[in-house]
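Below is one structure; the comments refer to it alone.
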There are 2 protein chains.
Amino acid sequence: MPQFCYDYARPAVTADICFFTVVEDDLRILLIRRGEEPFKGSWALPGGFLREDETLDECAARELEEEAGISGAYLQAFATFSKPDRDPRYRVITAAYFALVSAANHVLKSGSDADDAEWHSMSRLPRLAFDHRDIIEQARAALTGKMNLEPVVFALLPSRFTLTQIQKVYEAVEGQPLDKRNFRRSVLAKEWIRETGELERGHRRPAMLYERA
Amino acid sequence: MPQFCYDYARPAVTADICFFTVVEDDLRILLIRRGEEPFKGSWALPGGFLREDETLDECAARELEEEAGISGAYLQAFATFSKPDRDPRYRVITAAYFALVSAANHVLKSGSDADDAEWHSMSRLPRLAFDHRDIIEQARAALTGKMNLEPVVFALLPSRFTLTQIQKVYEAVEGQPLDKRNFRRSVLAKEWIRETGELERGHRRPAMLYERA
DNA sequence: TCAAAAGTGTTAACCGTACACCCATGC
DNA sequence: GCATGGGTGTACGGTTAACACTTTTGA
């Protein structure tokens with residue numbers, strides 16, 4: 001085993017990811033069950049150590065690929081966590097990201113690190129390792145803010161979607177119902193979407209399908 | 001010299017600070033002239049290495065004290081910089097902060113690290129080391145956003161101030177003039193300030209002095 | 001008396017919010 | 001024919017933005 005030696009103590013640096021999806025009008029987050037101490041049996045955010053040749057953004061993207069088999073998800077850093085004792089083993093500085101994937105693409109690749117990964121409803125989180133509950137709370141707040149400023153909602157939707165679908169995603173993230181007419185007016189005013197001309201059939205009354213503009 | 005050895009490479013971690021003040025209606029930032037390679041003679045942000053027993057917030061506060069002799073300034077992290085080659089010597093991850101101090105308190109303590117520190121107008125920045133120009137640009141944007149949401153402007157003002165003074169600070173940070181009547185109405189509506197009853201005398205027509213509510 | 005900064009209101013446009021009914025379809 | 005979700009407009013209140021003149025003082 002090689003050794004890396006420095007004149008001063010250096011912390012380990014990781015990127016941890018709050019990976020969200022919306023399924024059945026419910027905001028869910030990907031967690032991994034820990035098989036080792038500390039916090040054996042608790043759930044933790046996916047993430048891992050920064051490598052020598054990558055940025056934190058690249059690290060987060062790589063971990064998402066390795067631990068959940070997902071590439072190309074929307075990824076955004078939102079805070080850094082640095083309390084000296086947040087990991088009882090040794091010092092770890094964590095750059096926290098949130099990531100988004102649509103329900104259609106959220107099937108987890110089995111094998112490798114992903115075997116103990118599961119989606120958990122944000123309304124019923126299990127026992128969490130380290131300070132991951134704090135991180136998740138801040139992630140949700142960051143996501144809510146971002147969604148009202150920038151067109152990130154599409155990362156949580158299939159490529160074509162109805163206005164009701166997009167509304168359900170906002171409601172799931174914000175955790176509160178929204179007025180249908182006002183929501184439609186405001187989302188159309190933003191010019192983030194356009195009509196496809198196709199209708200979604202097979203349920204009740206067909207609904208117009210939209211796509212990202 | 002002690003040696004700290006790890007099984008994997010670890011980056012150095014620093015906190016760097018974009019330390020702003022407003023003087024003569026001009027937004028200025030504290031920079032330190034580098035006496036060593038790399039970037040000898042260029043200017044750099046104050047900052048330094050994270051110690052074993054402190055958070056990044058504490059590190060930023062300590063560096064501000066050591067390098068500029070200022071304590072209790074408003075401090076806020078806004079981004080992390082992690083490009084592998086952003087420091088040509090070895091890998092450094094930097095948590096970037098912005099800090100604010102009022103013109104009245106911005107005299108630099110001489111001695112120690114501060115000897116080569118100077119305030120520079122944001123409208124005429126010198127040659128900067130590393131990726132510090134990027135960091136400064138992002139800091140200004142973060143500061144502008146924060147000032148319109150939270151009462152941080154007081155960190156850039158003396159304890160008592162006129163409405164014109166507070167307006168000049170906003171104009172300096174945002175880099176654009178503001179309408180006097182609208183500005184006064186909106187700042188009074190926020191209820192961040194109250195009248196002192198005292199007038200500022202000695203110039204032209206006396207102005208009401210306000211203080212933080 | 002003049003130069004300089006302090007102080008003061010009104011109007012119009014825009015935006016957010018509240019709110020209820022008819023329509024098209026599948027069963 | 002009925003249950004289900006799709007689709008639509010208006011009115012009110014609050015906020016923002018534009019805009020010009022009088023007052024007070026020091027020199």
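Numbers restart at 1 for each chain; the letters A, B, ... are given by sequence-line order, proteins then strands.
- A heavy-atom distance below 4.0 Å to DNA chain D is reached by none of the residues of residues 162-176 of chain B.
- Partner T164(B) forms a side-chain hydrogen bond (donor to acceptor under 3.5 Å, both in side chains) with one of R184(B), K180(B), E200(B) and no other, that one being R184(B).
- Rounded to an integer number of Å, the gap from L199(B) CG to dG26(D) P is 12 Å.
- Note: F130(A) and F39(A) meet the aromatic proximity criterion, with ring centroids under 6.0 Å apart.
- For Q138(B) (side chain) and I135(B) (main-chain N/O), no donor-acceptor pair under 3.5 Å exists by modelled atom type.
- Judged purely by atom type and a 3.5 angstrom limit, T21(B) uses its side chain to pair as donor or acceptor with the backbone of V101(B).
- Following rounding to the nearest Å, L178(A) (CG) and dG5(D) (P) show an atom-to-atom distance of 18 Å.
- The CG atom of L188(B) sits 14 Å away from the P atom of dT16(D) (whole-angstrom rounding).
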Could you run through nucleotides 11-17 of chain C and give me one letter per nucleotide, 5' to 3': B if any protein heavy atom sits under 4.0 Å from the base, S if only the sugar-phosphate is that close, - if neither?
-> ------B
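- Note: CZ (R184(B)) to C1' (dA17(D)) measures 17 Å, nearest angstrom.
- Between Y74(B) and F98(B), the ring-plane angle classifies as tilted under the 30° and 60° cut-offs.
- Using a 4.0 Å cut-off between charged side-chain N and carboxylate O, E66(A) and R62(A) make a salt bridge.
- Looking at R86(A), its side chain never comes within 3.5 Å of a backbone N or O of H132(A) through a donor-acceptor pair.
- Rounded to whole Å, atom P of dC23(C) lies 14 Å from atom NZ of K180(A).
- Of the possible polar contacts, one joining the R33(B) side chain to the G41(B) backbone as a donor-acceptor pair under 3.5 Å is found.
- A sub-4.0 Å separation between OP1 or OP2 of dA18(D) and a side-chain N or O of R181(B) is absent.
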Can you check nucleotides 22-24 of chain D for protein contacts, nitrogen or oxygen pairs under 3.5 Å, and list what you find?
{"residue": "dT23(D)", "atom": "O2", "partner": "R205(B)", "partner atom": "NH1", "Å": "2.5"}

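- Just one of F154(A), W192(A), Y210(A) meets the ring pair (Phe, Tyr, Trp, His ring centres under 6.0 Å) condition when paired with F161(A); it is F154(A).
- Formation of a donor-acceptor pair under 3.5 Å by the E63(A) side chain with backbone atoms of D16(A) is not found in this model.
- Between F183(A) atom CZ and dT8(D) atom C1' there is a gap of 16 Å when expressed in whole angstrom units.
- At a threshold of 4.0 angstrom between heavy atoms, the contacts of R201(A) are confined to the sugar-phosphate backbone, with no base atom among them.
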T14(A) and T94(A): CA distance, side-chain angles, deciding distance, side-chain hydrogen bond (donor to acceptor under 3.5 Å, both in side chains) verdict | CA-CA 5 Å; T14(A) 70; T94(A) 291; 2.7 Å; yes
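- Rounded to an integer number of Å, the gap from M208(A) CE to dG7(D) P is 7 Å.
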